Peer 1: 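I'd like to ask some things about the structure below.
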2 protein chains.
Amino acid sequence: MRQGAYTVTMQHVLTAISDPTRRAALALVWDGGEHCVCELMARLNASQSRMSRHMKVLREAGLVLDRRDAQWVRYRRNPQLAPALVAIVDAVLAAEGVHERKVA
Amino acid sequence: MRQGAYTVTMQHVLTAISDPTRRAALALVWDGGEHCVCELMARLNASQSRMSRHMKVLREAGLVLDRRDAQWVRYRRNPQLAPALVAIVDAVLAAEGVHERKVA
DNA sequence: AACGCATATGCGGCAAGGCGCATATACAGT
DNA sequence: ACTGTATATGCGCCTTGCCGCATATGCGTT
């Protein structure tokens, strides 16, 4: 049945966005564009293995999709994400966005 | 400054709702009423120390408030919670609620 | 085929989190 | 004061999670 699988996904989503670095990566990818790991590494000041692993978690939670493009792997927001889960991500990113305005 | 403190709270909130038992407890308390630990224990089938600790995490995240009432401690939703954080909780609880309808 | 760049992953260490058990604390009733 | 009920917490165990390092893999260039 779907119910069980869904609850697991929900749990995965929450676990995924509970890490600051992953939230930051998600925020970058949430613009709808494609971003290679090297870009995310640079912008988030994260090591290669660390970044790669974090993206894996986001991917396995269903939040992002990845695509091979020559030597790069492009990550992008998953457009098929269930609306209820999109709502969660939007709420979280919005809550973080509230402050940075002050700085910017 | 407030910004740092807020980000920490945000992190606390996400950590708090990342646990299934805590989400369930939050859902119960989210009705606006007061609930003693014994009630939550019974309804969530959790041990006493486990329930008490989980509620402590929710309290420290600012999600709930507690009040002594004779031998009981009544927990309730925190009405002062920042709107941006309320939005997160609402989104999460709504996402979970989607399924239980099928069962009920 | 050899090299270089980009990404993924096995491994080990270390810190954080959840739980049960026992105990402490708070309060009410007798 | 003593007992019973309700809740909190110190402690130790065990699991999970994050990270760096080293290595493997995929792909393009020469």
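Bear in mind the structure is a predicted one, so any value in this text is a computation, not a measurement. Reminder, nothing fancy here: chain letters follow the sequence lines and each chain counts from 1.
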Peer 1: Nucleotides 12-18 of chain D: which of its N/O atoms have a protein N/O under 3.5 Å away?
Peer 2:
{"residue": "D:dC18", "atom": "OP1", "partner": "A:R22", "partner atom": "NH1", "Å": "3.3"}
{"residue": "D:dC18", "atom": "OP1", "partner": "A:R22", "partner atom": "NH2", "Å": "2.8"}

Peer 1: Output all residues satisfying side chain to side chain donor-acceptor pair (under 3.5 Å) with A:N45, sequence neighbours left out; order by chain, then residue number.
Peer 2: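 Expected list: none.
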Peer 1: Picking from D:dG20, D:dG28, D:dA8, which would you name as closest to the side chain of B:V73?
Peer 2: D:dA8
Peer 1: Please tell me whether A:I88 and B:V86 are part of a single hydrophobic cluster in this structure, the criterion being side-chain heavy atoms less than 4.5 Å apart.
Peer 2: yes
Peer 1: Quick check: is A:I17 connected to A:V57 through a chain of hydrophobic side chains (ILVMFWY, heavy atoms under 4.5 Å apart)?
Peer 2: no
Peer 1: Give me the first and last nucleotide of DNA chain C, going 5' to 3', that has any atom under 4.0 Å from a heavy atom of chain B.
Peer 2: C:dG18 to C:dA28
Peer 1: What residues, two or more places apart in sequence or in another chain, satisfy side chain to side chain contact (heavy atoms under 4.5 Å, CB included) together with A:S18?
Peer 2: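 Scan of A:S18 (side chain to side chain contact (heavy atoms under 4.5 Å, CB included), adjacent residues dropped) gives B:L14, B:S18.
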Peer 1: Among residues at least two apart in sequence or on other chains, which ones pass salt bridge (Lys or Arg N to Asp or Glu O under 4.0 Å) with B:D66?
Peer 2: B:R59
Peer 1: Going by the rule salt bridge (Lys or Arg N to Asp or Glu O under 4.0 Å), which residues pair with A:R22 if we only count those two or more places apart in sequence or in a different chain?
Peer 2: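 Not a single residue meets the salt bridge (Lys or Arg N to Asp or Glu O under 4.0 Å) criterion with A:R22.
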Peer 1: Going by the rule side chain to side chain contact (heavy atoms under 4.5 Å, CB included), which residues pair with B:A27 if we only count those two or more places apart in sequence or in a different chain?
Peer 2: B:L93
Peer 1: By a strict heavy-atom criterion of less than 4.0 Å, which residues belonging to residues 25-45 of chain B are in contact with DNA chain D?
Peer 2: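 Listed by number, they are B:C36, B:V37, B:C38.
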Peer 1: Please determine whether any donor N or O and acceptor N or O are separated by less than 3.5 Å between the side chain of B:Q48 and the base of D:dA8.
Peer 2: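 Between D:dA8 and B:Q48, which were checked side chain against base, a qualifying N/O pair under 3.5 Å is present.
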Peer 1: I'd like to check A:R77 versus A:L26 (side-chain heavy atoms, cut-off strictly below 4.5 Å). Are they in contact?
Peer 2: no
Peer 1: Across the strands shown, which category fits A:S52 at heavy-atom distances under 4.0 angstrom: base, sugar-phosphate, nothing?
Peer 2: base
Peer 1: I need the full list of salt bridge (charged side-chain N to carboxylate O under 4.0 Å, His left out) pairs touching residues 39-56 of chain A, with sequence neighbours left out, sorted by first then second residue.
Peer 2: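 Listed once each, the pairs are A:E39-A:R43.
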Peer 1: What residues from residues 61-68 of chain B pass a heavy-atom cutoff of under 4.0 Å to DNA chain D?
Peer 2: none
Peer 1: When you measure from the side-chain N and O atoms of B:Y75 to the phosphate of D:dA8, is any distance below 4.0 Å, counting only OP1 and OP2?
Peer 2: yes
Peer 1: Which residues pass the side chain to side chain donor-acceptor pair (under 3.5 Å) test with B:Q11, sequence neighbours left out?
Peer 2: A:R23, B:T15
Peer 1: May I have the step-by-step check of side-chain contact (heavy atoms from CB on, under 4.5 Å) for B:Y75 and B:L58, ending in yes or no?
Peer 2: CA-CA 10 Å; B:Y75 280 93; B:L58 290 176; over 6 Å; no
Peer 1: Using a 3.5 Å distance criterion without hydrogens, assess whether the side chain of B:H35 forms a donor-acceptor pair with backbone atoms of B:L28.
Peer 2: yes
Peer 1: Just to verify, what does A:R74 make a salt bridge (Lys or Arg N to Asp or Glu O under 4.0 Å) with, not counting sequence neighbours?
Peer 2: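 A:D69.
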